[in-house]
Amino acid sequence: MTHQLRIRLCAVLATAVLAVSGGHAYGAPARDDMGQDIDTAVEGVDAYWDAHWSEFFTETYVPPTVLGEYDGASANVPTCDGEPLADDNAQYCSTDEDYVAWDTDLMRFGYRYGDAFVYLVVAHEWGHAIQNRLEAELQTLDGELQADCLAGAELQGAAEDGTVVFESGDVDEVHTALVRDADRTPWTKEGDHGSASERVDAFTLGQELGVEGCLPEETSTEGAAALER
């Protein structure tokens, strides 16, 4: 993945994203490479849904707030519904707080194997936010794998829109990080999220079939109703 979104998006879009993101500091002083990749993933996924939501669902797309990076070992760790966010994890808070967040150490774990990992984390948590906006019949029982599938669809869609760039080996980077970090962090724990191969397969399914491929087979996106928030 590359940081090309920052160059390609106009100032108007950047301002709009800042306005709905809970103050994610896109205009702040220069961030390190990982921080820039996280910003690019956030902007790309949000821009994809803003442009394409109406192709799949009714109502209006409303993005989650971006709480962003946090330190799970800090005494001031953020909370969701009054409970502290877990160390070495990432989360979509599905209460009225409606935000996405990721522990910095978790991102660093995966980033050692390539930048694609942080794109997966961001897009996966955004996928959970999308799930929370859908009627129950559009959600699958394996919610974590559906979020991985939506992550693939979101990022592939952003790539086709030219706002995120896939590089050779990105999916392999994701697989490597999931295998090597399996059960080392809550976010990569196989019992909660599925095996590395299941997660990569779900991600690839979203890439190949798009959003429709992530929905239950017995439903149709034609006329599908998303819950109004």
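Residues Ala73 and Asp87 approach most closely at N-OD1, 3.6 Å, considering heavy atoms. A pairwise comparison of heavy atoms in Val118 and Met107 identifies CG1-SD, 3.8 Å as the closest pair. In terms of heavy atoms, Tyr119 sits closest to Ala41 at CD2-CB, 3.6 Å. Thr95 and Asp81 get closest at one heavy-atom pair: CG2-CB, 3.6 Å. A pairwise comparison of heavy atoms in Gly44 and Val164 identifies CA-CG2, 4.0 Å as the closest pair. Residue Ser94 comes nearest to Asn132 through the heavy atom pair O-ND2, 3.7 Å, listed as atom of the first residue, atom of the second, then distance.
Thr163 places a side-chain N or O within 3.5 Å of a backbone atom of Ala158 that can act as its donor or acceptor partner. Between the Glu125 side chain and the Tyr92 main chain, a donor and an acceptor come within less than 3.5 Å of each other. Of the possible donor and acceptor atoms, none in the side chain of Gln207 sits under 3.5 Å from a partner among the backbone N and O of Gln156. The closest donor-acceptor contact from the side chain of Trp53 to the backbone of Tyr48 lies at 3.5 Å or more, if one exists at all. Checking side-chain atoms of Arg112 against main-chain N and O of Phe109 turns up a donor-acceptor pair under 3.5 Å.
Within the 4.5 Å cutoff, side-chain heavy atoms of Val100 are placed close to those of Trp126. A heavy-atom distance below 4.5 Å is found between the side chains of Leu120 and Asp148. Looking at heavy atoms from C-beta onward, Glu160 lies out of side-chain contact with His52 at the 4.5 angstrom threshold. Residues Arg133 and Glu59 form no side-chain contact, since every pair of their non-hydrogen atoms from C-beta on lies 4.5 Å or further apart. Taking 4.5 Å as the limit, some side-chain heavy atom of Cys80 sits within range of a side-chain heavy atom of Leu85. Looking at heavy atoms from C-beta onward, Val122 lies in side-chain contact with Ile38 at the 4.5 angstrom threshold.
To the nearest 0.5 Å, atom CZ of residue Phe57 and atom CG of residue Leu215 are 5.0 Å apart. For the atom pair CG of Asp37 and CZ of Phe117, the computed distance is 13.0 Å after rounding to the nearest 0.5 Å. Residue Asp115 holds its CG atom at 8.5 Å from CG of Asp33, rounded to the nearest 0.5 Å. Within the model, atoms CG of Asn89 and CG of Asp105 stand 12.0 Å from one another, a figure rounded to the nearest 0.5 Å.
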Could you walk me through whether Tyr61 and Ile130 pass the side-chain contact (heavy atoms from CB on, under 4.5 Å) check? CA-CA 9 Å; Tyr61 168 63; Ile130 297 303; 4.1 Å; yes
Please evaluate residues Met34 and Thr104 with respect to the criterion side-chain contact (heavy atoms from CB on, under 4.5 Å), reporting the C-alpha separation (whole Å), side-chain torsions for both, the decisive distance (0.1 Å), and the verdict. CA-CA 10 Å; Met34 188 183 82; Thr104 301; 4.2 Å; yes
Might you work through the side-chain contact (heavy atoms from CB on, under 4.5 Å) test for Leu145 and Glu198, ending with a clear yes or no? CA-CA 8 Å; Leu145 294 180; Glu198 287 174 327; 4.2 Å; yes
Do Asn76 and Tyr70 pass the side-chain contact (heavy atoms from CB on, under 4.5 Å) test, and can you show the C-alpha distance, the side-chain angles, and the key distance before you say yes or no? CA-CA 9 Å; Asn76 298 317; Tyr70 69 90; over 6 Å; no
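Under a 4.0 Å N-O distance rule, the pair Arg108/Asp32 does not qualify as a salt bridge.
Ring planes of Trp49 and Phe56: perpendicular class, angle over 60° (limits at 30 and 60°).
Hydrophobic cluster membership is shared by Leu67 and Val77, with clusters built from Ile, Leu, Val, Met, Phe, Trp and Tyr side chains linked at under 4.5 angstrom. When hydrophobic clusters are built by joining Ile, Leu, Val, Met, Phe, Trp and Tyr residues whose side-chain heavy atoms come closer than 4.5 Å, directly or via intermediates, Phe203 is not grouped with Leu209. Leu155 and Leu205 are not part of a single hydrophobic cluster, where members link through side-chain heavy atoms under 4.5 Å apart.
Tyr113 and Asp172 share no donor-acceptor pair across their side chains, judged by distance under 3.5 Å alone. Judged by distance alone, the side chains of Gln146 and His128 never bring a donor and an acceptor atom under 3.5 Å apart.
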